[in-house]
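Only this structure's heavy atoms are used, side chains among them; waters, hydrogens and symmetry mates stay out.
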Amino acid sequence: MTIKPGAFRFNTDSMKLEIFRGSANYEGSASMAGIGTLAAGQWEEIQATSPEVQTGGSRALFGGGYTPTSTKVIDYVNISSTGNAIDFGDLTDTNNGSKGSASSRVRGVWAGGNAEPNSDTDKGEHVTIASTGNSTQFTALVTARRSTTGVCNGTRAIFAGGRTPSNQAILEYFDIASLSTPQDFGDMSRTSNVSMGPLQSQTRGLFAGGYTPSVNSIDMITMSTLGNSADFGDLLITPGQCGGASNSVRGIFSGDTSINYVTIATLGDATDFGDLTNSQTFCSDTASPTRAVIVGGNESDKQQVEYIQIMTTGNAVDFGDLTSGRQMRDGACSNGHGGL
């Protein structure tokens, strides 16, 4: 019997679905060259996976913030459910206000920060997202600063902007798996770079909003390259500090009482998504492939966690509460966001 490329079978030994691979002009001869490194006539297991399968469910971590003093608390939730946050552990640094955050499927990191009034740090903290426990410290930034913000494509963690207390246009990166020495990436092309809202696809990182002064700009970078940021478009709002989260297609920005969205692969201005239930000026957002969660915020400490379904539009819905109310700024990260 001649088996042609593209045929399927269920392997009862491995209990896996397989596809028969061969060259484009395959005619049943085992001597024909295969596709790529596979020989003609070879059965290959069909890979069927998703972020939920790989991670056991997308987990969001919320680390640091102000209460109004700097706090070490790390909380977590399962994004697919609802309910109050659970204690994960503590950050080891004392400079836990205004930290930036980024994450791979395995690791969450926080970078920079300060303990008021002016004690900016270049240190970072890292944890394994699927476990619980206190963080471990490492050097994450070339330039010590607070109010930086991070994106990640699963390989590189890239931190943008911040203040020292002067406004910084810095873009820096390190390998998130090895926690390598931080390196220069480029510069932000705009002048207002404090507490921007970050989000990412597998290729692009976006940064929106920010203050000193407050702006509605959205900038973008290509994470696998080096270089300065470029203009993407504008928000409909000018929230000052802004939260950002995304799946691989759509990016969500939140601030004040508004939520905006963009399609990450295109360029252009944001579109109205809906509203938050409370004013969340100092919020932080993160996401699974389907949901974004929005935490903390405002000048007074907030415990509330809200969520939205990313590919729809509408107002945010109550998710639960943090273990303690605080201004999060950019302390949220997950193992299921759009850059992974």
Legend entry - Pairwise distance OG(S98) to CZ(F282) - rounded to 0.5 angstrom: 8.0 Å
Legend entry - Side chains of L276 and I259 in contact at under 4.5 Å (non-hydrogen atoms): yes
Legend entry - Side-chain ion pair, R204 and D219, N-O less than 4.0 Å: no
Inset, instruction - Measure the shortest side-chain to side-chain distance between L179 and V109 over non-hydrogen atoms and say whether it is less than 4.5 angstrom. - result: yes
Legend entry - Side chain W110, main chain H126, donor-acceptor under 3.5 Å: no
Legend entry - Side-chain H-bond candidate by donor/acceptor type, D330 with T149, under 3.5 Å: yes
Inset, instruction - Please test Q137 against S135 for side-chain hydrogen bond (donor to acceptor under 3.5 Å, both in side chains), starting from the C-alpha separation and ending with a verdict. - result: CA-CA 7 Å; Q137 194 173 99; S135 67; over 6 Å; no
Legend entry - Check: Q202/N153 side-chain N/O donor and acceptor closer than 3.5 Å: no
Inset, instruction - Could you tell me how the ring of F174 sits relative to the ring of F159: parallel (under 30°), tilted (30 to 60°) or perpendicular (over 60°)? - result: parallel
Inset, instruction - Consider only side-chain N and O atoms of D175 and S178, and report whether a donor and an acceptor are under 3.5 Å apart. - result: yes
Inset, instruction - Starting at CG of N193, measure out to OH of Y211 and round the result to the nearest 0.5 Å. - result: 12.0 Å
Legend entry - D256 versus S258, side-chain donor and acceptor atoms under 3.5 Å: no
Inset, instruction - Go through the side-chain N and O atoms of T257 and D275 and say whether any donor and acceptor fall under 3.5 Å apart. - result: no
Legend entry - Close side-chain approach of N78 to R59, heavy-atom, < 4.5 Å: no
Inset, instruction - Tell me whether the guanidinium CZ or amine NZ of R326 lies under 6.0 angstrom from the six-membered ring centre of Y66 and within 45° of its axis. - result: no
Inset, instruction - Kindly say whether A265 contributes a backbone atom to a donor-acceptor pair with the side chain of T263 at under 3.5 angstrom? - result: no
Inset, instruction - Would you indicate whether the side-chain heavy atoms of S288 and N247 approach each other to under 4.5 Å? - result: no
Inset, instruction - Go through the steps to decide whether T71 and N96 satisfy the test side-chain hydrogen bond (donor to acceptor under 3.5 Å, both in side chains), and finish with yes or no. - result: CA-CA 6 Å; T71 179; N96 296 317; over 6 Å; no
Inset, instruction - Determine the sole option in T94, N95, T139, D93 for which the side-chain hydrogen bond (donor to acceptor under 3.5 Å, both in side chains) test with K123 is passed. - result: T139
Inset, instruction - Check whether I176 and I129 end up in the same hydrophobic cluster, where Ile, Leu, Val, Met, Phe, Trp and Tyr are linked by side-chain heavy atoms less than 4.5 Å apart. - result: no
Inset, instruction - Start with the C-alpha distance between N134 and T92, add both sets of side-chain angles, then the distance that settles side-chain hydrogen bond (donor to acceptor under 3.5 Å, both in side chains), and finish with yes or no. - result: CA-CA 7 Å; N134 297 339; T92 58; over 6 Å; no
Inset, instruction - Check whether any side-chain heavy atom of S324 lies under 4.5 Å from a side-chain heavy atom of L322, and answer yes or no. - result: no
Legend entry - Spacing of S180 atom OG and F138 atom CZ [to the nearest 0.5 Å]: 9.0 Å
Legend entry - Between T181 and Q183: side-chain donor-acceptor atoms closer than 3.5 Å: no
Inset, instruction - Assess the side chains of S229 and S189: does a donor N or O sit below 3.5 Å from an acceptor N or O? - result: yes
Legend entry - Pairing of R145 and E172 as salt bridge, 4.0 angstrom limit: yes
Legend entry - Main-chain N/O of S334 paired with S103 side-chain donor or acceptor, under 3.5 Å: yes
Inset, instruction - Measure the shortest side-chain to side-chain distance between F319 and R291 over non-hydrogen atoms and say whether it is less than 4.5 angstrom. - result: yes
Inset, instruction - Give a yes-or-no answer on whether the side chains of Q241 and S195 include a donor-acceptor pair shorter than 3.5 Å. - result: no
Inset, instruction - Side-chain contact test, heavy atoms from C-beta onward, threshold under 4.5 Å: evaluate it for I74 versus V127 and give yes or no. - result: yes
Inset, instruction - Spell out, as yes or no, whether a donor-acceptor pair under 3.5 Å connects the side chain of R190 to the backbone of S192. - result: yes
Legend entry - Pair T290-Q309, side-chain donor/acceptor within less than 3.5 Å: no
Inset, instruction - Answer with yes or no whether the side chains of T277 and Q304 bring together a donor and an acceptor at under 3.5 Å. - result: yes
Legend entry - Validation row: N315, F273 side chains within 4.5 angstrom (heavy atoms): no
Legend entry - ILVMFWY cluster, I86 and V73 together (side-chain gap under 4.5 Å): no
Inset, instruction - Measure from the side-chain N and O atoms of T148 to the backbone N and O of G162, and report whether any donor-acceptor pair falls under 3.5 Å. - result: no
Inset, instruction - Please check if the side chain of D269 supplies one atom and the backbone of D234 the other of a donor-acceptor pair under 3.5 Å. - result: yes
